[in-house]
Amino acid sequence: MARRKYVVGNWKMNGLSAAVADAQAIFAAAADHGGVDVAICPPFTLIGALVAAAPGAAVGGQDCHSAASGAFTGSVAAPMLADAGATLVIVGHSERREGCGESDADVRAKAEAALAARLAVILCVGEPHEVRESGGAIDYVLAQIAGSVPDDFAADRLAIAYEPIWAIGTGLVPTVADVAAMHGAIRGALAVRFGGAAQDMRILYGGSVNGDNAAELLDAGDVDGALVGGASLTAAKFVPIVAAAAAL
Ligand code: PGA
């Protein structure tokens, strides 16, 4: 099965009601690029509005709790995301691993909860700058994969996003060779654990992807798409990334 390119916008803590129009413009333009899967993960507060404004479009959460319900003030459960019309969720973003102290075990539990709620999962991994500098990036990321990827899922329901922490929101990106080496190592580790199914799992790159660098990053070996933060907030910035994916 050929892996379709997958371009996902992570709006983070950005977007009020007026941003629904941006999402509509993105999904409308994305429809012209039929070979690419496009999703937007807005803040929780906008999920329902995006689903209503763009029926059939892929809208996701940016996090979920590992429990299906309960006394967890401020948290959102995976079944709630599905009930709001979301079809996917990001788990393990470095801003949650670092900012909220989420461990690999926490991330795995969230991914399992999401899969149980029939959400597709984008599971993030990535090394801090000092680990990249010390030459330990691949070992670090493969340990995150070992600890946070669940055992049981359909290959098309869980994608990995490799996001070097030092590349997120900084304008810095790894070399294409480094991206290809990391993605190849991730695919190799997935193949050891999951066999042939690893060939059907998508591995996205994230970290300062924009319309100028998307084509070469998306063309790197074992790169099946992009997880995009800052450049996903408007159609003017995001659609060129979708177009770059479609052109490959
Ligand atoms: P960025 O964020 O594109 O703004 O670097 C990517 C991400 O954190 O998912």
Side-chain angles (χ1 to χ4, degrees), residues 5-15 19 22-23 26 30 36-44 46-47 50 58-64 81 86 88-102 107 110-111 114 119-129 131-132 137 140-141 144-145 148 158-176 178-179 182-183 186 202-218 220 223-245:
K5 295 285 189 203
Y6 193 18
V7 180
V8 182
N10 171 15
W11 280 9
K12 308 192 179 186
M13 198 172 73
N14 297 291
D22 293 298
I26 288 167
V36 180
D37 293 334
V38 175
I40 298 177
C41 298
F44 292 133
L46 287 182
I47 289 174
L50 262 62
V59 178
Q62 300 171 12
D63 179 46
C64 65
L81 293 175
L88 69 145
V89 63
I90 297 168
V91 297
H93 193 284
S94 61
E95 286 154 16
R96 297 205 58 90
R97 288 179 182 264
E98 295 213 313
C100 304
E102 292 184 6
V107 175
K110 289 176 179 223
L119 296 171
V121 171
I122 297 174
L123 192 154
C124 302
V125 294
E127 82 284 357
H129 193 248
V131 171
R132 169 61 63 177
Y140 184 96
V141 166
Q144 287 183 315
I145 297 267
S148 55
L158 189 142
I160 304 292
Y162 168 56
E163 298 203 306
I165 295 170
W166 50 274
I168 294 174
T170 59
L172 302 172
V173 289
T175 64
V176 170
D178 282 345
V179 171
M182 179 64 81
H183 282 230
I186 292 171
R202 293 188 284 196
I203 307 175
L204 316 184
Y205 169 78
S208 295
V209 176
N210 58 44
D212 294 330
N213 62 22
E216 66 170 356
L217 288 166
L218 289 166
V223 176
D224 303 310
L227 181 56
V228 184
S232 72
L233 295 172
T234 63
K237 290 186 174 174
F238 194 47
V239 174
I241 300 171
V242 177

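Start at 1 and go down the list; that is how both ligands and their atoms are numbered.
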**Q** Among all protein heavy atoms, pick the one closest to atom 3 (O) of ligand 1 and tell me residue, atom and distance.
**A**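 The answer is G229 N, 2.8 Å.
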
**Q** Hey, what do you get for CE (M182) to CG (D178), rounding to the nearest 0.5 Å?
**A**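 M182 atom CE to D178 atom CG measures 8.0 Å (nearest 0.5 Å).
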
**Q** Below 4.0 angstrom, N of the basic side chain to O of the carboxylate: do K5 and D224 qualify?
**A**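 Salt bridge: no.
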
**Q** Consider only side-chain N and O atoms of E127 and W166, and report whether a donor and an acceptor are under 3.5 Å apart.
**A**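 A donor-acceptor contact under 3.5 Å links the two side chains.
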
**Q** Find all atoms of ligand 1 within a distance of less than 4.0 Å from any non-hydrogen atom belonging to G207, and give their numbers and elements.
**A** 5 (O)

**Q** Provide, to 0.1 Å, the distance between atom 2 (O) of ligand 1 and the closest protein heavy atom, together with that atom's residue and name.
**A** K12 NZ, 3.3 Å

**Q** Side chains of H93 and E163: is there a donor and an acceptor less than 3.5 Å apart?
**A** yes

**Q** I'd like to check which ligand 1 atoms, numbered from 1 as shown, lie under 4.0 Å from a non-hydrogen atom of H93.
**A**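 That gives atoms 7 (C), 8 (O), 9 (O) of ligand 1.
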
**Q** Side chain of S208, backbone of A167: donor and acceptor closer than 3.5 Å?
**A**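 Yes; judged by distance alone, with no hydrogens or angles, the pair exists.
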
**Q** Under 4.0 Å from a heavy atom of G230: which atoms of ligand 1 are those, numbered in the order shown and with their elements?
**A**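 Matching atoms, with element in brackets: 1 (P), 3 (O), 4 (O).
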
**Q** So is A231 close enough to ligand 1, meaning a heavy atom under 4.0 angstrom away?
**A**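 No.
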
**Q** Donor-acceptor pair, distance only, cut-off 3.5 Å: does the side chain of R97 make one with the backbone of C124?
**A** yes

**Q** Has ligand 1 got any nitrogen or oxygen that is less than 3.5 angstrom from a nitrogen or oxygen of T170?
**A**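 No: no nitrogen or oxygen of T170 is under 3.5 Å from one in ligand 1.
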
**Q** Under a 4.0 angstrom heavy-atom cut-off, which atoms of ligand 1 come close to G169?
**A**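 Heavy-atom distances to G169 below 4.0 Å select 1 (P), 4 (O), 5 (O).
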
**Q** Below 4.0 Å, non-hydrogen atoms only: which portion of I168 touches ligand 1? Side chain, backbone, both or neither.
**A**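 Near ligand 1, I168 shows its backbone as well as its side chain.
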
**Q** Quick one: which ligand 1 atoms are inside 4.0 Å of a heavy atom on S208?
**A**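 Matching atoms, with element in brackets: 1 (P), 3 (O), 5 (O).
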
**Q** Counting only N and O atoms by type, is there a donor-acceptor contact under 3.5 Å from the side chain of W11 to the main-chain atoms of G229?
**A** no

**Q** With atoms numbered from 1 as shown, which atoms in ligand 1 lie under 4.0 angstrom from a non-hydrogen atom of E163?
**A**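 So the atoms of ligand 1 that pass are 6 (C), 7 (C), 8 (O), 9 (O).
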
**Q** Salt bridge check, E102 against R96: does any charged N sit closer than 4.0 Å to a carboxylate O?
**A** yes

**Q** Which ligand 1 atoms, with their elements, are less than 4.0 angstrom from a heavy-atom of N10?
**A** 9 (O)

**Q** Ligand 1 and G206, any nitrogen or oxygen pair closer than 3.5 angstrom?
**A** no

**Q** So how far is it from E95 CD to I90 CD1, rounded to the nearest 0.5 Å?
**A**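 Atom-to-atom, E95:CD and I90:CD1 are 9.5 Å apart.
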
